[in-house]
Amino acid sequence: MDIPYLDLQAQYQSIKSEIDSAIQNVVNSSAFILGPAVSEFETAFAQYCQAKYCVGVNSGSNALLLALKALDVCSGDEVITAANTFFATAAAIVHAGARPVLVDVNPGSRNLDPELISLALSRKTRVIVPVHLYGRMADMDRIMQIAENYNIAVLEDSAQAHGAQYQGRLSGSIGKAAAFSFYPAKNLGAFGEAGAATTNDPSIAKRIRILRDHGAERKYYHDLIGYNACMEGIQGAVLKVKLKYLDQCNQARNRVAGWYDELLKDVPVILPARDEVFRQVFHLYVIETAKRDQLQHYLSEHGVPTLIHYPVPLHLQKAFDFLGYRVGDFPVAEKLSREILSLPIYPELSQQQVVYICEKIRAFFNGR
Ligand SMILES: *Cc1c(COP(=O)(O)O)cnc(C)c1O
């Protein structure tokens, strides 16, 4: 059996006529940047996230950057985030002029450890950026409590957590603002680059709206130095159609995760933590084993592609040499980077395919 790591065609084929006509409408109207398709998506996505405002931009990376700028982050400030996140989270902090202060994660949740956040605070801390990694929300109650005590803003990195919940509250509705990515492989994926910021604060929404269009509220009158970062009309149109199916897709991912949980329960690998208060959306299904590299090689020889999210923790990335971190600074993130493996997961993955993958994992540990 040859199993694709990801299958973006399957969903497209199932809703092809709806998507095609939404794209055709944008082409017919020539509303290629922003326009009605983007505003309709913004309204629908804000409502979906139970947030008051949504501002569509051209990537998750820029959603992070513009949100940090709108939160008044500037040079000399410190912004706390997780050592095991995707590079873009910390790059946005540097692009905003601030210094990323990395914090280790909890080995069970693989998300920011609130105890360690407290130790990383300083007078310069301006924002905390919890990352809802792999589709599981960070410990938002405790993070919001710390932020309130110290009068710091929280920006959720929701790039992997569209529709994820923590105690019944949705990703993107809890922090001062949140950044989403609609990179094609994300749970809600565009047909190219796209992202959005959500917030309940009208002044932050307004600032992001201005920043995405070169700082001009009125064309050619620039109040701020902004960016060329508007969402494209075609992306808004595609996303608005796909948003209707997001819950269904997340449920299907959960079903796949349940099959993995069951079929791997007596295999010597660590499975994603399960916890009643979280509705996880399984952007990724990540297992852990000390034999990660051998297992990955074995699986690839048997038609099962896997990936590593991510092989190098941020403090050991060459680009962040200037932050002065060293090996050993974040032991949990370092151990995870050596032992994690992302198995294929997407709504259309069949039970038969999951059974095959799990048989191969079992065979590897049985020395066959
Ligand atoms: C994908 C991702 C981003 C960046 O989003 P882009 O749309 O690719 O710019 C940021 N943070 C995390 C955690 C991500 O997974």
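As the structure is a prediction and not an experimental result, all values here were calculated from the model. Just follow the structure's listing: the first ligand is 1, and inside any ligand the first atom is 1.
- For atom 13 (C) of ligand 1, the closest non-hydrogen atom of the protein is Asp157 OD2, 3.5 Å.
- Atom NE2 in His309 sits 6.0 Å away from atom NE2 in His283 (nearest 0.5 Å).
- Atom CZ of Arg253 and atom CD of Gln248 lie 13.0 Å apart (nearest 0.5 Å).
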Intermediate values then yes/no, ring-ring contact (aromatic ring centres under 6.0 Å, His included), Tyr134 and Phe282: CA-CA 6 Å; Tyr134 310 149; Phe282 287 98; 9.7 Å; no

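- Geometrically, ligand 1 and Lys186 share a nitrogen or oxygen pair separated by less than 3.5 Å.
- Nearest protein heavy-atom contact of atom 12 (C) of ligand 1 is Ala159 CB, 3.4 Å.
- Using modelled atom types and a 3.5 Å distance limit, the side chains of Tyr48 and Asp247 yield a donor-acceptor pair.
- Of all the heavy atoms of Leu133, none lies under 4.0 Å from any atom of ligand 1, so neither backbone nor side chain is involved.
- On a distance-only criterion, Phe86 and ligand 1 share no N/O pair closer than 3.5 Å.
- Side-chain atoms of Asp201 and Tyr53 include no donor-acceptor pair closer than 3.5 Å.
- Interface of Val131 with ligand 1, defined as ligand atoms under 4.0 Å from a residue heavy atom, comprises 13 (C).
- Aromatic ring centres of Phe182 and His162: separated by under 6.0 Å.
- Close approach of ligand 1 to Gly60 is summarised as follows: ligand atoms under 4.0 Å from at least one heavy atom of the residue are 5 (O), 6 (P), 7 (O), 9 (O).
- Numbered from 1 in the order shown, with element, the atoms of ligand 1 that lie under 4.0 Å from a heavy atom of Thr89 read 11 (N).
- Considering backbone and side-chain N/O of Thr85, none are found under 3.5 Å from N/O of ligand 1.
- Look at Arg169 and Glu156 and you find no salt bridge, because none of the NZ, NE, NH1 or NH2 atoms lies under 4.0 Å from a carboxylate O.
- Protein heavy atom at the shortest distance from atom 15 (O) of ligand 1 is Gln160 NE2, 2.8 Å.
- Of the N or O atoms in Ser61, one or more lie within a sub-3.5 Å distance of an N or O in ligand 1.
- Using a cutoff of 4.0 Å between basic side-chain nitrogens and carboxylate oxygens, Arg362 and Asp266 are scored as salt-bridged.
- Looking at Ser59 against ligand 1, both its backbone and its side chain come within 4.0 Å, counting heavy atoms.
- Ion pairing between a basic and an acidic side chain is recognised when a charged N comes within 4.0 Å of a carboxylate O; Glu115 and Arg142 show such pairing.
- Residue Ser181 has at least one N or O atom closer than 3.5 Å to an N or O atom of ligand 1.
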